[in-house]
Amino acid sequence: MIALVDCNNFYASCERLFNPSLDNKPVVVLSNNDGCVIARSNEAKAMGIKMGAPAFMMEELLTQNKVSVFSSNYTLYGDLSNRVMQTIRQFVPTIEIYSIDEAFLDLSEMKYCDLFQLAQAIRETIISCIGIPITIGIAPTKTLAKMANRFAKKERKNIGVYMAQTQWQVDQMLNYTSVGDIWGIGSQHQQRLLQNNIHTGADLLKANEEWIRKNMTVTGQRLLNELKGISCIEWENMPPPKKGICTARSFGQLLSEKADIREALANYANTCAAKLRAQKTCTTLVHVFIQTNTHRTQDNQYFRSVSIPMEVATSNTAEIIAAALKGLDIIYRKGYNFKKVGVMVLDLVPQDKVQMGIFDTVDRKRGTDLMQVFDKVNTRFGKGLVRYAAQGYNKKWKLRQQKLSPCYTTNINEVPVIKC
DNA sequence: TCTGGGGTCCTAGGACCC
DNA sequence: TCTGGGGTCCTAGGACCC
């Protein structure tokens with residue numbers, strides 16, 4: 001059996017944790033740049049605030065209902081996520097962290113215990129020790145565990161656990177779940193399924209397999225097997241190294257000047273290089289893109305990208321910034337209101353398998369040593385203490401984050417103080 | 001004024017090889 | 001009049017996830 005642990009309204013719950021006056025009140029968290037709603041407390045959901053809705057369109061609804069609004073604080077959410085995962089590991093050794101707020105638990109090793117009681121114990125421990133509410137679904141496959149979790153959230157609110165072990169329990173949830181709410185079925189497939197009179201998970205299970213294969217490819221067929229209780233989605237104990245890393249942000253304001261955009265890009269390139277080193281890989285292809293705001297119909301639109309090959313695979317910040325800026329020189333055009341710039345590093349190779357170049361004249365050892373010191377200093381004294389000149393200080397591009405909460409758990413100056 | 005960011009997997013079709 | 005067959009690799013685009 002597999003369990004899926006999911007933190008309820010995770011970002012909203014994190015904001016509440018250090019601000020108990022928000023309990024039972026509507027809370028929403030916005031995306032980067034305070035753009036869209038990406039997390040809602042139950043109260044906010046009940047008001048009809050939709051996931052992904054642009055914040056400026058929701059403004060009236062938010063003020064009318066006195067909704068507490070927060071900018072995303074990923075430092076806080078990341079730290080609380082780690083605590084939740086560590087706590088789960090104390091109960092079940094084999095877990096797969098699927099996202100910041102979800103983990104699959106391999107219960108096959110827990111043969112001699114009551115799985116339902118185990119789930120309840122995990123849930124109570126996390127709620128009392130960390131303060132983040134969670135829900136647990138248990139079933140024979142990952143897809144069914146996802147479904148059980150959703151079922152528990154809707155139909156077993158007070159218990160917070162649903163175990164689909166017997167066929168009857170599985171059927172109950174298959175009948176209950178609409179196809180669009182099944183993990184792996186997005187809006188496109190949902191539409192097509194509904195057109196063909198397939199409405200629930202139970203309907204899908206009865207559907208013609210050839211039709212599924214034709215219309216939803218092997219992914220659909222795999223999903224069907226998962227619903228039948230045959231595991232088709234592999235277990236990933238260690239997250240595989242990423243195949244590409246992308247850092248891109250919308251600017252806090254539209255930018256036209258190349259100098260401002262260069263500065264933003266240099267910072268994103270720096271982030272990419274740091275992530276490369278963190279996972280011990282090097283890149284051979286640096287891809288840069290730039291775009292205007294497609295929502296502004298009054299503006300001329302421009303979107304372009306370019307790839308810069310590296311002669312020798314690298315994770316050196318200076319080289320990656322240089323390549324990115326070279327790319328920008330090629331694609332930048334004067335006279336547009338730019339919204340976003342980004343850099344991707346692709347074709348990654350493990351750092352110990354880098355193919356040297358015959359005509360390479362760069363002192364690679366020196367560069368590697370420098371990067372080690374660079375990372376050490378920035379880890380110890382805070383991100384961005386040592387930086388390249390190209391990263392600048394003007395920060396015209398910086399994110400809008402007007403409603404940012406303190407980093408309660410990671411910054412000593414922002415730790416809550418209790419006076420008694 | 002204001003519309004996120006970072007990924008994965010799959011398929012079709014073209015280029016190329018012998 | 002007739003115009004092979006079998007394969008690999010790459011890329012773009014679609015669909016999905018949180």
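In the text below, chain A, chain B and the rest are named by the order of the sequence lines, each starting its count at 1.
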Compile the donor-acceptor pairs under 3.5 Å between side chains in residues 225-240 of chain A and protein atoms, sequence neighbours left out, one pair per line.
| from | atom 1 | to | atom 2 | distance (Å) |
| --- | --- | --- | --- | --- |
| A:Glu226 | OE1 | A:Thr141 | OG1 | 3.4 |
| A:Glu226 | OE1 | A:Lys142 | N | 3.4 |
| A:Glu226 | OE1 | A:Thr143 | N | 2.9 |
| A:Glu226 | OE1 | A:Thr143 | OG1 | 2.7 |
| A:Glu226 | OE2 | A:Cys232 | N | 2.7 |
| A:Glu226 | OE2 | A:Ile233 | N | 3.1 |
| A:Trp235 | NE1 | A:Asn237 | OD1 | 2.8 |

For A:Tyr388, the ring-ring contact (aromatic ring centres under 6.0 Å, His included) test, sequence neighbours excluded, returns A:Phe374

What residue pairs, at least two apart or across chains, pass side chain to side chain donor-acceptor pair (under 3.5 Å) with a residue in residues 251-260 of chain A?
-> A:Ser256-A:Asn337, A:Lys258-A:Asp329

DNA chain C contacts made by residues 174-200 of chain A, counting heavy atoms under 4.0 Å = A:Ile182, A:Trp183, A:Gly184, A:Ile185, A:Gly186, A:Ser187, A:Gln188, A:His189

DNA chain C base-pair string [pairs: Watson-Crick or G-U under 3.5 Å; |: paired with another strand] | ....||||||||||||||

In whole angstrom, give me the gap between the C1' atoms of C:dG4 and B:dC16.
-> 16 Å

Per-nucleotide protein contact along nucleotides 4-14 of chain B, 5' to 3', at a 4.0 Å heavy-atom cut-off (B base, S sugar-phosphate only, - neither), is SSSSSSSS---

I'd like to check the side-chain hydrogen bond (donor to acceptor under 3.5 Å, both in side chains) partners of [X]; sequence neighbours left out, ordered by chain and number.
X        : answer
A:Asp101 : A:Ser99
A:Ser315 : none
A:Arg192 : A:Asn215
A:Asp106 : A:Ser108

So ring-ring contact (aromatic ring centres under 6.0 Å, His included) across residues 3-52 of chain A, not counting sequence neighbours, yields A:Tyr11-A:Tyr74, A:Tyr11-A:Tyr77, A:Phe18-A:Tyr408

Please, which pairs that meet ring-ring contact (aromatic ring centres under 6.0 Å, His included) have at least one residue in residues 250-272 of chain A, sequence neighbours excluded?
-> A:Tyr268-A:Trp397

